[in-house]
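Hydrogens, waters and symmetry mates play no part in the numbers below; they use all other heavy atoms, side chains included. Just so you know, residue 1 is the first one in the sequence shown, and it goes up from there. Counting starts at 1 for both ligands and their atoms, following the listed order. No experiment lies behind these values; they were computed from the predicted model shown.
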Amino acid sequence: MSLAELQALEAEHVVPTYLRNPVEFVRGAGCRLWDSDGNEYLDFLAGISVLNVGHCHPRIVETVREQVGRLTHVSNLYYTEPAMKLSARLAESSLGGKVFLCNSGAEANEAAIKLARRARPGGRVVVVQDAFHGRTYGALSATPQESKQAPFAPLVPGFTVVPKDPAALAGAVDDDTAAVLLEPIQGETGIHVLSDELLEAAREACDRTGAVLLFDEIQTGMGRTGTLWGYEQLTVVPDAMTSAKALGGGLPIGALVTGPRLADTLQPGDHGSTFAGGPLIASAALVALEICSDPALLARVQVLGERLAAGLATLPYVTTVRGRGLMLGIDVDPNLAAPDLARRALLEQRVVVNATGPVTIRLEPPLIVTEEEIDEAVARLGALSP
Ligand code: PLP
């Protein structure tokens with residue numbers, strides 16, 4: 001089928017929630033993608049931080065091939081080894097409590113909100129400006145963006161939004177607060193690194209009131225910032241966290257991970273999901289988690305992130321570079337408009353990035369990217385016509 005034929009099908013049959021770029025990808029390997037005309041692209045978005053291990057990582061392919069021919073689904077009424085092993089590995093790699101597996105980031109945050117409300121019935125959830133936690137109703141209610149929320153009111157009650165100011169956050173948390181929910185680095189709204197002071201204020205407020213400190217590590221986790229979990233580079237440890245995106249090595253999965261205090265808060269019948277933790281995806285996630293836990297890979301992410309940041313800072317249209325590890329955002333000359341620039345990077349230079357706002361472009365390459373690929377991407381972005 002030609003691209004025009006695909007676009008015709010979309011126009012007639014697909015709910016128009018996405019503004020797609022006019023490219024059909026047919027193959028991926030490592031940090032590269034190929035379109036239906038055989039053109040090669042450098043993927044510096046990784047499916048929005050999903051392909052941290054790269055496209056079609058041989059170990060993921062082999063594991064999925066083997067598992068798909070053996071067992072794909074039995075429901076959570078029975079045991080399967082991949083789900084139990086993945087839960088153990090996730091808990092051991094982070095907060096040491098227990099794990100609820102699900103299918104996406106939004107679902108993981110729904111589980112986190114339910115966990116906090118179960119711990120403190122009726123309690124409020126405090127979130128900060130510019131947060132993004134997903135599109136389902138609970139997660140959307142925690143995502144204070146007018147354009148995303150307003151058309152779908154009324155939202156879930158009991159959410160309080162505060163500015164990214166330590167005193168404001170501390171003042172909003174009291175004995176009726178169930179949780180403070182934060183992304184250590186806000187991804188969807190433009191790679192905003194939350195300050196240590198804000199995170200410490202959240203930790204102190206939760207300790208003072210018994211509220212649950214929840215970190216949304218859906219984008220910052222799985223090695224993206226140079227440690228397996230983003231919080232490892234912070235002075236603050238959450239009581240529970242969510243993961244998704246890169247956890248499945250390219251397949252859909254999400255997880256809520258608790259610390260010991262909250263390990264048994266959710267009880268039988270409190271929550272569930274048909275596909276959650278199915279053996280096919282859990283087996284892929286086990287491999288992805290192992291690859292992303294490799295200390296050598298994580299050390300490289302830090303070095304490569306600095307190389308990419310330094311390269312981007314030399315581009316004439318870049319005004320700011322921010323982020324951590326390989327989770328980077330650049331602000332560009334407002335006259336050029338980030339969405340237009342990202343589109344031209346794709347179509348003219350064959351570098352895949354995306355705009356998160358009018359002036360910000362996000363870069364999140366696979367963690368297995370090489371120095372040469374970073375230099376090549378920077379050179380291609382530098383060659384963009386003004
Ligand atoms: N939380 C964060 C920090 C995210 O970046 C995203 C997705 O971009 C989500 C939640 C929602 O995840 P999903 O799209 O898998 O529902």
At under 4.0 Å between heavy atoms, which part of [X] makes contact with ligand 1: side chain, backbone, both or neither?
X	answer
Glu188	side chain
Asn109	side chain
Lys245	side chain
Ala106	both

- Query: For atom 5 (O) of ligand 1, what's the nearest protein heavy atom and its distance?
  - Reply: Gln219 NE2, 2.7 Å

- Message: Among all the protein's non-hydrogen atoms, which is closest to atom 6 (C) of ligand 1, and how far away is it?
- Response: Phe132 CE2, 3.6 Å

Hey, are [X] and [Y] close enough for a salt bridge, meaning a charged N less than 4.0 Å from a carboxylate O?
X	Y	answer
Glu376	Arg380	yes
Asp175	Arg120	no
Arg32	Glu373	yes

- So among Arg224, Gln219, Arg362, which one has a side chain to side chain donor-acceptor pair (under 3.5 Å) with Ser49? Arg224

- Task: Can you see which heavy atom on Pro366 is nearest to which on Gly30, and at what distance?
- Result: CG-O, 3.9 Å

- Message: I'd like the name of whichever of Thr242, Asp216, Leu247 reaches closest to atom 2 (C) of ligand 1 through any heavy atom.
- Response: Asp216

- Note on the structure: Distance col, row Gln186:CD vs Thr220:OG1, nearest 0.5 angstrom, shows 11.0 Å

Return yes or no for this condition: an N or O of [X] is under 3.5 Å from an N or O of ligand 1.
X	answer
Glu107	no
Gly105	yes
Ile48	no

- Of all the atoms in ligand 1, which lie at a distance below 4.0 Å from a heavy atom belonging to Glu183? 3 (C)

- Query: Is there side-chain contact between Pro22 and Gln7, with at least one heavy-atom pair below 4.5 Å?
  - Reply: yes

- Message: Any side-chain to backbone donor/acceptor pair from Gln233 onto Thr225? Under 3.5 Å, distance only.
- Response: yes

- Kindly state if atom 15 (O) of ligand 1 has a protein heavy atom within a strict 4.0 Å cut-off, that is, under 4.0 Å? yes

